[in-house]
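Notes to accompany the following structure.
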Amino acid sequence: MITEELHEQAALYALDALPAEERNEFLREVRKNQKLAILIEELRNASVIIARSAAEVEPPSTLKAHILNLASKEKPSSTPTLPARPSHQSKKTSAAHGLNSLIPWALAAGFAIFAGILWGNNQRYVSAEAKLAAQHEVVTGLFTKIADLENNIEIKDKEIAGVKDLLQQLQKSNRLANVQLATLSSKLDASFFGSVAWDKDSQEGVLQVRRLPEPTAGHDYQLWLIESGRSLPVSAGIFRVNPDGSARVHFTSMQPVTDVTTFAVTLEKSGGESEPKGSIIITTQ
Amino acid sequence: MDVIGDEPQLLARIGNGDEKALGDLYDRYSRLIYSMVLRITHSESEATEIVQDVFLTVWRSATSFDAERAKISTWLTTVARNKAIDRHRTLQRRLPEGERTPSLAHSNQGTIEVARLSSMVGELSSNQCHAIQLAFFEGLTHLEMADRSGETPKTVKSHIRLGMEKLRQKAKGGE
């Protein structure tokens with residue numbers, strides 16, 4: 001949500017007219033608010049229209065050729081060169097004459113080194129300035145990305161809260177007091193999500209998954225129940241997902257289990273395995 | 001006038017050292033950049049130097065710009081405007097107060113600019129135009145504008161927000 005005050009600050013920020021003392025706090029808000037980051041981007045794009053309101057004047061006719069000429073000399077590999085060292089005309093020249101003849105060269109070399117240092121500093125300054133401008137665009141992109149991730153977290157929190165609510169309602173109704181509920185997440189991708197309702201009395205349960213990728217050819221997802229004290233997980237069968245990555249699967253344990261501590265989904269060869277061999281896609285923490 | 005469709009390719013060619021691509025980009029944007037910088041600095045020699053700096057900056061750092069994500073026109077005007085405002089402020093500070101360039105906001109030129117902006121974006125009031133142009137061309141904060149105009153900072157903020165929102169809608173709708 002963008003309040004009127006934030007909108008005002010965004011407009012000022014896009015014009016670099018937001019006072020420094022308000023800027024930091026505003027940027028903290030931008031990091032949390034994806035819509036605000038997008039608004040700033042659009043306002044900055046809109047500021048080009050203001051540039052166009054200036055009276056149109058043609059730049060000097062020679063400027064283009066001059067810039068292209070400078071550009072041709074500024075290939076990235078180009079470096080300032082120092083003048084060649086003077087050749088010794090005669091080894092027999094007197095020491096005084098030798099010293100005198102070296103003074104102009106020393107001055108020239110000194111000047112060239114000084115110019116080289118200045119040139120280098122200027123290049124660093126110009127390059128840093130360009131980097132800053134490019135980084136500004138990157139930072140805006142990052143703000144958008146952070147806001148995306150924060151949105152994902154928010155969605156996930158809501159899903160978890162929904163599952164917990166369901167559990168509480170079920171427990172209150174005392175119909176499924178022994179139902180164990182758990183959420184499954186992934187270290188591979190924060191958007192993969194699953195939830196399990198497991199009734200140990202009936203040894204059956206329901207698995208719901210969202211946003212899982214389509215399994216690669218010749219593979220299936222397989223659900224595993226992991227008990228404390230048992231060395232190997234127990235299979236609860238294979239399942240497929242819909243094109244949108246969702247599935248709702250009713251499952252039973254292939255062997256009796258009493259104390260399931262972890263639920264996990266792995267990617268196994270088509271038809272499933274007797275023990276997990278593939279990668280863990282989602283698991284309870 | 002934005003021809004952004006081929007700009008990622010143009011930038012890629014510039015990044016590969018293609019001088020003709022740099023020339024094409026110059027043909028596309030030099031007049032816009034030069035006019036804007038001249039408006040800010042009031043100096044042809046400063047404007048020429050800044051335009052040169054901007055295009056050489058593009059030449060040196062085209063590979064670091066993501067043309068898929070952002071508009072090159074926004075990048076060019078932002079870099080050029082920052083340079084121009086910094087340069088203009090530095091030069092103004094060196095001058096005695098009486099010799100500094102006066103604001104053009106309420107001059108004939110300012111009036112023409114307001115009219116041009118109004119004609120580009122309908123429904124933009126003259127107060128909104130003035131406030132936006134003072135911020136953009138003269139680098140003033142809303143507090144400085146309020147100080148000069150006698151309006152409250154809140155009113156100036158409101159002019160800028162409403163004006164910029166109309167510009168945003170215009171830009172989104174295509175220029």
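In what follows, every chain begins at residue 1, and chains take the letters A, B, ... in the order their sequences are listed.
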List the atom of [X], the atom of [Y], and the distance in Å for their closest heavy-atom pair.
| X | Y | answer |
| --- | --- | --- |
| B:Leu22 | A:Ala71 | CD2-CB, 3.7 Å |
| B:Arg31 | A:Pro59 | CA-CD, 4.0 Å |
| A:Ala11 | B:Arg161 | CB-CA, 4.0 Å |
| B:Phe137 | A:Ile50 | CZ-O, 3.3 Å |
| B:Gln133 | A:Ser53 | NE2-OG, 3.0 Å |

**Asked** Do the side chain of B:Thr141 and the main chain of A:Leu18 share a donor and acceptor less than 3.5 angstrom apart?
**Response** no
**Prompt:** Side chains of B:Tyr26 and A:Leu63: does their closest heavy-atom pair fall under 4.5 Å?
**Reply:** yes
**Prompt:** Is there a side-chain contact between A:Glu58 and B:Ser35, using heavy atoms and a 4.5 Å cut-off?
**Reply:** no
Roughly how far, to the nearest 0.5 Å, is [atom2] of [Y] from [atom1] of [X]?
| X | Y | atom1 | atom2 | result |
| --- | --- | --- | --- | --- |
| A:Glu41 | B:Thr74 | CD | OG1 | 7.5 Å |
| B:Lys157 | A:His7 | NZ | NE2 | 13.0 Å |
| B:Trp59 | A:Ile67 | CH2 | CD1 | 12.0 Å |
| B:Trp75 | A:Asn45 | CH2 | CG | 14.5 Å |
| A:Asp16 | B:Leu140 | CG | CG | 12.5 Å |
| A:Leu15 | B:Leu134 | CG | CG | 11.0 Å |

**Message:** Just to verify, which of B:Lys170, B:Lys71, B:Arg168 counts as forming a salt bridge (Lys or Arg N to Asp or Glu O under 4.0 Å) with A:Glu42?
**Reply:** B:Arg168
As an exercise: rank [options] by heavy-atom pairs under 4.5 Å with chain A and give me the winner.
| options | result |
| --- | --- |
| B:Glu44, B:Gln52, B:Lys20 | B:Gln52 |
| B:Thr77, B:Asp27, B:Asn82, B:Leu143 | B:Asp27 |
| B:Ile40, B:Val58, B:Ile160 | B:Ile160 |

**Prompt:** Can you tell me if A:Glu8 and B:Ser158 form a side-chain donor-acceptor pair at under 3.5 Å?
**Reply:** no
**Asked** So with a 6.0 Å cut-off around CZ of A:Arg240, is the heavy-atom count from everything else above 12?
**Response** no
**Asked** Taking everything shown except A:Glu21 itself, do over 12 heavy atoms lie less than 6.0 Å from its CD?
**Response** yes
**Request:** Please state whether the side chain, the backbone, both or neither of B:Ser30 comes within less than 4.5 Å of a heavy atom of chain A.
**Result:** both
**Toward chain A, the part of B:Leu38 with a non-hydrogen atom under 4.5 Å** = side chain
**Request:** Heavy-atom distances under 4.5 Å only: say whether A:Glu5 touches chain B with side chain, backbone, both or neither.
**Result:** neither
